[in-house]
There are 2 protein chains.
Amino acid sequence: MGTNVVTPFKHADHDHEHCVDDALNRAERQCRDNGVRLTAIRRRVLELIWRRHEPMKAYDLLDMLRSERRSAAPPTVYRALDFLLEEGLVHRIESLNAFVGCGDPKQPHVGQFLICQHCNAVAELNDGDVYRVLSNKAAELGFQVNSQTIEINGICPACRQATQAADSLESPPNGG
Amino acid sequence: MGTNVVTPFKHADHDHEHCVDDALNRAERQCRDNGVRLTAIRRRVLELIWRRHEPMKAYDLLDMLRSERRSAAPPTVYRALDFLLEEGLVHRIESLNAFVGCGDPKQPHVGQFLICQHCNAVAELNDGDVYRVLSNKAAELGFQVNSQTIEINGICPACRQATQAADSLESPPNGG
DNA sequence: GCAGCCATGTTATAGTATTGCAGAGACTGA
DNA sequence: TCAGTCTCTGCAATACTATAACATGGCTGC
């Protein structure tokens with residue numbers, strides 16, 4: 001009955017090469033199934049997003065893209081992002097004006113995000129309880145839900161540990 | 001045990017003059033209590049936001065402000081908004097890049113919004129259940145919550161009624 | 001080939017937000 | 001009252017985010 005984690009926090013020791021490849025393979029497959037084209041640009045933008053494995057800004061993506069494709073301009077990256085959003089391959093984080101890869105583009109996903117303010121890592125949840133509670137509250141008020149934007153800011157487990165360790169070094173209870 | 005509605009949807013028949021005055025009085029009182037200054041500009045921006053009673057864009061506020069204060073520039077309105085956000089007198093709707101008045105600035109408010117895509121009306125909730133469910137899910141994953149951005153898009157009760165009425169006129173079951 | 005469609009190139013512009021510095025105004029304590 | 005200090009505002013410039021509009025090119029099916 002645990003929480004459904006679509007995309008976990010990036011762990012320092014996870015096989016990142018593999019994780020990027022997986023995401024691209026999933027994307028290839030899904031686009032083929034849906035009869036849409038994962039063109040070179042679109043694929044590259046998706047790869048750039050997954051490679052950093054954290055929320056990416058459109059203009060940062062543009063800079064990267066430009067270094068390898070002189071003709072890249074804002075519409076280039078925004079069009080690619082629009083496509084990827086449409087296909088559910090990425091999500092937009094409203095509170096950051098940034099984009100993250102989706103770990104499970106196939107299933108319907110409302111996009112519930114935990115965002116670390118310290119290291120920028122993002123985890124995506126798709127939790128039925130959260131969805132239901134919100135939907136029920138809305139229904140109580142006669143409101144018809146179309147989409148939900150849920151973005152939780154805070155500190156991820158890794159940064160909490162790191163911070164606590166640092167704190168105990170910097171200001172020991174009886175130190176001086 | 002109902003849902004705690006901080007700011008309900010604006011009803012066509014509510015006493016809007018009174019509602020704006022209330023908001024300004026609350027703001028005056030709170031700023032006095034907190035030892036901060038609700039200057040003319042800040043007060044005016046807050047009033048402009050409440051007067052429309054829907055999410056207001058910074059540059060729309062700027063246009064209004066400029067019509068009565070030649071010197072108004074982007075920093076003028078953004079500084080006022082920063083102050084009002086700080087004091088909890090307004091909230092920022094991330095998904096709209098817009099600002100709404102807060103119906104209850106005193107109590108801690110996480111900001112849970114129902115946003116009508118049809119008429120732009122916004123209701124603010126402060127629902128313990130929603131907060132708890134999200135906090136618990138985060139805690140399960142070792143995530144320390146700092147702030148929550150919750151924005152639900154959909155159709156408000158009034159627009160649902162209006163739409164249904166219009167639909168039944170436009171496309172009656174056996175009509176031509 | 002070529003007609004139609006989709007993706008991309010290109011230029012321009014719209015919309016959102018911040019920086020940095022200078023000057024004006026309000027509080028504080030002598 | 002006055003100087004010192006702090007906050008607020010004026011002002012100009014710029015950074016950042018996103019879209020519009022039209023031209024070009026390339027694939028697909030015939």
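All heavy atoms count here, side chains included; hydrogens, waters and symmetry mates do not. Just so it is clear: chains get the letters A, B, ... in the order the sequence lines come, proteins before strands, and each one is counted from 1.
Residues R79(B) and D82(B) are not paired through a salt bridge, judged by the lack of any N-O separation under 4.0 Å between the basic side chain and the carboxylate. Remark: R42(B) does not engage E87(B) in a salt bridge, criterion side-chain N to carboxylate O under 4.0 Å.
dT7(D) atom P lies 13 Å from atom CD of E86(B), rounded to whole Å. For the pair R44(A) CZ and dT8(C) C1', the computed distance is 18 Å after rounding to whole Å. Between L62(B) atom CG and dA14(C) atom P the separation is 16 Å, expressed in whole Å. Computed from coordinates, the I41(A) CD1 to dT24(D) P distance equals 18 Å when rounded to whole Å. When the C1' atom of dT17(D) is taken as reference, atom CG of L96(A) falls 14 Å away, rounded to whole Å. Taking atom CZ of F83(A) as the reference point, atom P of dT19(D) lies 17 Å away to the nearest angstrom. As rounded to whole Å, 17 Å separates atom C1' of dT7(D) from atom CG of N34(B). Atom CZ in R43(B) sits roughly 17 Å away from atom P in dC8(D) (whole-Å rounding).
Using a 4.0 Å heavy-atom criterion, one finds that R69(B) contacts the sugar-phosphate atoms exclusively. No engagement by R70(B) is indicated, since no non-hydrogen atom pair under 4.0 Å with the nucleic acid exists.
Here the side chain of Q112(A) pairs no donor or acceptor atom with the backbone of V130(A) at under 3.5 angstrom. Checking side-chain atoms of E54(B) against main-chain N and O of N120(B) turns up no donor-acceptor pair under 3.5 Å.
Where P75(A) and D60(A) meet DNA chain D, the nucleotide closest to each residue was compared, and D60(A) sits on the side nearer the 5' end.
One finds no side-chain N or O of R37(B) lying less than 4.0 angstrom from the OP1 or OP2 phosphate oxygen of dT7(D). Using a 4.0 Å cut-off, no side-chain N or O of K57(A) falls inside it from OP1 or OP2 of dC16(D). An OP1 or OP2 oxygen of dA17(C) is reached within less than 4.0 angstrom by a side-chain nitrogen or oxygen of R92(B). Between T39(A) and dT8(C) there is a side-chain polar atom (N or O) within less than 4.0 angstrom of OP1 or OP2.
For Y78(A) and dA20(D), a side-chain-to-base donor-acceptor distance below 3.5 Å is absent, hydrogens and geometry of angles not being considered. Checked by distance alone, Y59(A) brings no side-chain donor or acceptor within 3.5 Å of a matching partner on the base of dA15(D). Between the base of dG9(C) and the side chain of R79(A) there is a donor-acceptor pair shorter than 3.5 Å.
Residue A58(B) has its side chain nearest to dA17(C) when only dA17(C), dA18(D), dT8(C) are considered.
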Go through K106(A) and D33(A) one step at a time and tell me if the side chain to side chain contact (heavy atoms under 4.5 Å, CB included) criterion holds. CA-CA 11 Å; K106(A) 294 214 99 147; D33(A) 291 354; 3.4 Å; yes
